[in-house]
Every structure is written in C-alpha cells, then in structure tokens.
Amino acid sequence: MSVRVRFAPSPTGPLHIGGVRTALYNYLFARKHGGKMLLRIEDTDQNRYVPGAEEYILEALKWVGIEIDEGQGVGGPHAPYRQSERKEMYRQYAEQLINSGKAYYAFDTAEEIEAMRKRLEEAGADAAQYNAITRLQMTNSLTLSAEEVASRIANGDPYVVRIKIDPKQDIRFKDIIREWVVVHASTLDDKVLLKSDGMPTYHLANIVDDYLMGITHVIRGEEWLPSAPLHVLLYQYFGWTAPQFAHLPLLLKPEGNGKLSKRDADLGGFPIFPLQWTDPSTGTVARGFREDGYLKDAVVNFLAFLGWNPGTEQEMFTMEELIGAFSLERIHKAGARFDITKAKWFNQQYIKQLSDDELAKSLQLGENSKPLDLLKIVHLMKDRVTFPQEILSEASFLVEMPTEYEEAVVASKWNADAIKAIAAYVEDLKVYEGDFLAESAKAIWAAAAERVGVKMGKVMQALRLAATGAGHGPDLMLAMEILGKDEVIARLEKALAILPQK
C-alpha cells in the first residue's frame, strides 16, 4: 500500500510554526517512503474563516520547501480539496450512520441544551455533556416518534446530526508515537457530525475525506489526541479501515513550562509564524521568520529537531538528508521546548555556508550610500552576524566616517607610540601607488611601525580606533581595503587631529 499523508490546516489566520512542523514531518515521511503529500483546506467553520489565510498557507509551505503532490493549489483526482466545496457529499455519510443506528437527528434549541447543562452542573455532575444518559431527556430522533421526526424535517425545523455512542465499550488504537491508547466510551459525548446549516463538523469531514482520499497515515499535533477515539469509532461505524495515527508532541514555551503561545513569542521578541502576517480586520502586523531574516534551511533544521532526533551527532541536514534519516519512531512523546537561541544558531551556520555572491544579492545599499563593494562587505561580516540584514547595520562604520571614538580605548591605547606609528602610516600611504588591498595595507602598516621603532601589535587597536571609531570589529585590513586608500588617509588624519595628543 502506497503511503499517502495529508496536511489539513484551517484558514482561520496565519499558519502557526507548529503547523509548519506538522507539515514538515508529513512531507519527510511521505518522501522517505516514496508516497504522496496532500494539502486539504478544512474550512467547515465558516464563522472563523479569514480572508488571505489560505494563500498564506500555500506561500508558507512553498517557502520552506514542502512540495505538495496533490491537493489545494495543485489539483488531483479527489478534487475539490477545499471542504466547503465538498459540502453536499457529507450529508450522505451522516444519513448512512443514521440509517445504521449509529447517529441520530437532534432538534434541541441552544436554550434547551444550556438548560440541560445547568441542571447537570447544579446536580454536581463531573461533565455536563450531551451523551448516552442525557440524550434520553432531549428532543431528538431517539425520543421522538418516527412520524414526528419526519414532520419536523419536512417543516424545515433546524436540526443537527449527532453520533450515537455506546458507552459500554473500550476504544483502542495504537499510535505510532504513543503506543496503545485506550479510552472508555463513557467519557465521550455525542458529538455533532452535521451542523444545522448542512456543513459537517471537523470530525465527520475529516474522517470522510481521509477515507475517500486514501490517507494511510494521519500525522498531526497532540492537541488532536482527545478526538482520536471518536475518529476511530467513526471508522468502525462506517466499516472502514482506519489509517495509522501519530500524534506529535506539543511545542512548549522556551522555559519548557506550558504550551507555546503568540503571547510568549511577543514577550520573548521572536516570531511564531513562518511569514509576516497582516490581520485584514485590524491591520495588526505579526512577525514572520522569513521577514526577520531566518533562512528557510535554518528554519527546516530547527523545526525538524523539535520533537525528533536522528540518533546521531549530526545537526545540519539538507532536505534530502532529513528525508533519508527521518522516522516516526524517533519522535519522542514529551513536549519540545521552543529554544529560539537554537534557531538563531542554525541561522548563523547557514549564513556562513552561503557564498558571498548569494548573500550579497539579498542585500541592498541605500540610494544615498557611499559606493562600496558589497561582496567584500559580505565576506568581511558574514561570520559575525545572526541575520543577513545585520551585515549592513554592523558594517555601518564603513559607510560613515567616525564622529565618536570609544572612550575606554582612547584612554588605554591612544598614546605617543600610537600617534607616531599612525602618522608614519599616513605618510607612507600618501606615496603608495599600487593596488590598495588588505595585504598591501598590512605590509605598509608593518613597515611604518618598524620605521618609527614601534611594535605593530601594541598599537593595532589604536589604528582600528582611528579608522573605525571602535576598539573591536572584523578584519581591519580587509575593512581598510573596502574603504579605499583615500578614505583611510582621511579617517586617520581626522583622528590624529581631534584625539588628545599624548
């Protein structure tokens, strides 16, 4: 049997980064076993639909490199892949359950259901549910005559279809990650399968679509584990073979105590969505990993390790290497701590792996900026940054001549020897006519310092101070090559003129 998995998000807003991890694990599993990855949009709850969310989902998956074989945006033999467009087909399956005695019509009003719940709460019931006990006191096809049920339906009375759960049974299934899960049916309520507007609930649509689309493995978040027994029961009621289930561990706060939320991300100053999102109703902008400067390969590696471990020391994987190493059996049950510092580490590593040319193409100097060699700036700075956009901000000293000088370095390193060596260096630079490269800049500096009897190493920090305004930074000689001989001379003469003479 060929592996077929699906990612089935709801278009209720931006795709959470945990959803991206779920999609990634599905994708890796499908590719590992030569199977298919499907994308289905589960929009049965029209009240929560958010314009633009579906397009956001498609763009986010494309950005991280998850290729959809079949589904929304691609098409396929089981189209349509948007559940709202499949509305009419679900009713026949709800009717099938009714005809087999596995479901029933319920005509209760919202006020009647609320009154039932209030009575149960006042009586001290553990859970105020519509279940095998309470359904016998409610208005449904189990308590009404067949004639009255038919009359109500013919009159257009609103109703829902509820599953009829036999409370005297254990529901068992084996989860690939969690082993055997056993739930007694008495803890379950008679969930609504078909709503009064004719739309299916998640429970019915999910099962029907997974069956019709030939899904073999359902890989989804732990938050769906409480619904799994109901889904297993529905498969039994329909007489269908259930897919294999794998419920992924939760993503936890960076501190590890509780489920990760958007508020945690806002407080921690990191994104929780793959792409930037602008709320269409409020205009509020939420940060995205892409716009914050994370490379997609770094995000993929970071997400892959949130719940899975290859069993080796390797941390940096290409997508193909991840596919080869991935297995559901190596996913752990415990929640995964969302350590954003690890995401930053991955980003640093992948920036270092990029060629100078690739990185330079993602950057742009401002229109009024001094013309500089961007490739050389990238080469100078890329080992020192976490995000690409930091290259230009960290290299601002190359764009503007220093107006301030680091006081501590002035106090400790700006002395008579430094002044003498730098003055000699300026003299030698003015008469130098060759190509001004890092190597020549260093050779001229060494010769000037030796000529005036100063040890080059002792005054190197003072030279950096005069050229950049700071006592620390990237390779100074390469920085001076980027600045050019004339700019270096101007900077050194300025420092000699305004810094204290000692």
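Side chains included, hydrogens not; waters and symmetry mates left out as well; all remaining heavy atoms used. What you see is a predicted model; the values in this text were computed from it and never measured.
- In the displayed structure, Q314 atom CD is contacted under 6.0 Å by more than 12 heavy atoms of other residues, nucleotides or ligands.
- Here the CD-CG distance, from E95 to L194, works out to 8.0 Å after rounding to the nearest 0.5 Å.
- A heavy-atom distance below 4.5 Å is not found between the side chains of L252 and N257.
- Within a 6.0 Å sphere centred on NE2 of H78, heavy atoms belonging to other residues, nucleotides or ligands number more than 12.
- Salt bridge status for K62 with E67: absent, with no side-chain N to carboxylate O gap under 4.0 Å.
- For T403, the side-chain contact (heavy atoms from CB on, under 4.5 Å) partners are K494, not counting sequence neighbours.
- There is no side-chain donor-acceptor pair under 3.5 Å between T386 and N347.
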query = Passes side chain to side chain contact (heavy atoms under 4.5 Å, CB included), L24 versus F7? Steps please.
reply = CA-CA 9 Å; L24 175 64; F7 179 55; over 6 Å; no
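- L204 CG to K195 NZ: the interatomic distance, rounded to the nearest 0.5 Å, is 11.0 Å.
- Classified by interplanar angle (parallel below 30°, tilted 30° to 60°, perpendicular above 60°), the ring pair F305/W308 is perpendicular.
- R337 places a side-chain N or O within 3.5 Å of a backbone atom of P254 that can act as its donor or acceptor partner.
- Salt bridge present: R86 and D209 bring a charged side-chain N and a carboxylate O closer than 4.0 Å.
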query = Do V300 and I66 pass the side chain to side chain contact (heavy atoms under 4.5 Å, CB included) test, and can you show the C-alpha distance, the side-chain angles, and the key distance before you say yes or no?
reply = CA-CA 10 Å; V300 166; I66 295 175; over 6 Å; no
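- When atom types are taken as modelled, the side chain of T468 and the backbone of F397 share no donor-acceptor pair closer than 3.5 angstrom.
- Remark: side-chain polar atoms of R82 are not paired, donor with acceptor, to backbone N or O of D43 under 3.5 angstrom.
- A salt bridge does not link K259 with D264: every distance from a Lys NZ or Arg NE/NH1/NH2 to an Asp or Glu carboxylate oxygen is 4.0 Å or more.
- Contact check on R178 versus E222 returns a salt bridge, with a Lys/Arg side-chain nitrogen under 4.0 Å from an Asp/Glu carboxylate oxygen.
- Side chain of S396 to main chain of L392: no donor-acceptor pair is present (N/O by atom type, distance under 3.5 Å, no hydrogens or angles).
- The existence of a salt bridge linking R290 and E59 is confirmed by a sub-4.0 Å separation between a basic side-chain nitrogen and an acidic carboxylate oxygen.
- The number of heavy-atom neighbours closer than 6.0 Å to CD of Q92, taken from other residues, nucleotides and ligands shown, is above 12.
- A cation-pi arrangement is present between K102 and Y237 under the rule of less than 6.0 angstrom and at most 45 degrees off the ring axis.
- Looking at S186 and H184, their side chains do bring a donor and an acceptor atom within 3.5 Å of each other.
- For the residue pair N140 / Y159, no side-chain donor-acceptor distance below 3.5 Å is found, with atom types taken as modelled.
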ask   = Given the rule in the side chain to side chain contact (heavy atoms under 4.5 Å, CB included) test, do V64 and R21 qualify, once you have shown the distances and angles that lead to the verdict?
value = CA-CA 10 Å; V64 296; R21 184 196 63 170; over 6 Å; no
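- Taking F387 as the reference, Y294 meet the ring pair (Phe, Tyr, Trp, His ring centres under 6.0 Å) condition, with sequence neighbours excluded.
- Atom CG of L97 sits about 7.0 Å away from atom CD1 of I163, to the nearest 0.5 Å.
- Aromatic ring orientation, F289 versus F338: perpendicular (interplanar angle above 60°, classes split at 30° and 60°).
- Shortest non-hydrogen contact noted between T187 and Q129 is O-NE2, 3.7 Å.
- From Y25, atom OH reaches atom CD1 of I177 across 8.5 Å, with rounding to the nearest 0.5 Å.
- When each of Y202, F245, W224 is paired with H231, the ring pair (Phe, Tyr, Trp, His ring centres under 6.0 Å) condition holds for Y202 and for no other.
- Side chain of K382 to main chain of Q348: no donor-acceptor pair is present (N/O by atom type, distance under 3.5 Å, no hydrogens or angles).
- The pair K376-E481 counts as a salt bridge, with a side-chain nitrogen and a carboxylate oxygen less than 4.0 angstrom apart.
- Between the side chain of E112 and the backbone N or O of T109 there is at least one donor-acceptor pair closer than 3.5 Å.
- A salt bridge does not link R31 to E320: none of the charged nitrogens lies less than 4.0 Å from a carboxylate oxygen.
- Judged by distance alone, the side chain of E321 and the main-chain N or O of T318 form a donor-acceptor pair under 3.5 Å.
- For Q46, the CD atom is densely surrounded, since the number of other residues' heavy atoms within 6.0 Å is greater than 12.
- Taking CE of M37 as the reference point, atom CG of L61 lies at 6.5 Å (rounded to 0.5 Å).
- By the ring pair (Phe, Tyr, Trp, His ring centres under 6.0 Å) test, H332 pairs with no residue at all, sequence neighbours left out.
- The shortest distance between side-chain heavy atoms of E70 and P77 falls below 4.5 Å.
- Between the side chain of K253 and the main chain of L260, no donor-acceptor pair closer than 3.5 Å is present.
- For H217, the ring pair (Phe, Tyr, Trp, His ring centres under 6.0 Å) test picks out F29, with sequence neighbours left out.
- A cation-pi arrangement, defined by a distance under 6.0 Å to the six-membered ring centre and an angle within 45 degrees of its axis, is present between K342 and F346.
- The closest donor-acceptor contact from the side chain of K352 to the backbone of D383 lies at 3.5 Å or more, if one exists at all.
- A cation-pi arrangement is present between R162 and Y130, with the terminal nitrogen or guanidinium carbon under 6.0 Å from the aromatic centre and inside a 45° cone about the axis.
- Judged by distance alone, the side chain of E406 and the main-chain N or O of G471 form a donor-acceptor pair under 3.5 Å.
- Taking CD1 of I176 as the start and CD of E329 as the end, the distance is 6.5 Å to the nearest 0.5 Å.
- Looking at residues two or more places apart in sequence or on another chain, you find a ring pair (Phe, Tyr, Trp, His ring centres under 6.0 Å) between W240 and Y93, Y211, F238.
- Between the side chains of S355 and E358, at least one donor N or O lies within less than 3.5 Å of an accepting N or O.
- Heavy-atom contacts from other residues, nucleotides or ligands closer than 6.0 Å to NZ of K118 number 12 or fewer.
- Sorted by first and then second residue, the pairs that involve residues 38-70 and meet ring-ring contact (aromatic ring centres under 6.0 Å, His included), not counting sequence neighbours, are Y56-W277.
- Taking the charged nitrogens against the carboxylate oxygens, K191 and D189 do have a contact shorter than 4.0 Å, which makes a salt bridge.
- When all heavy atoms are compared, the tightest approach of K36 to A30 is O-CB, 3.8 Å.
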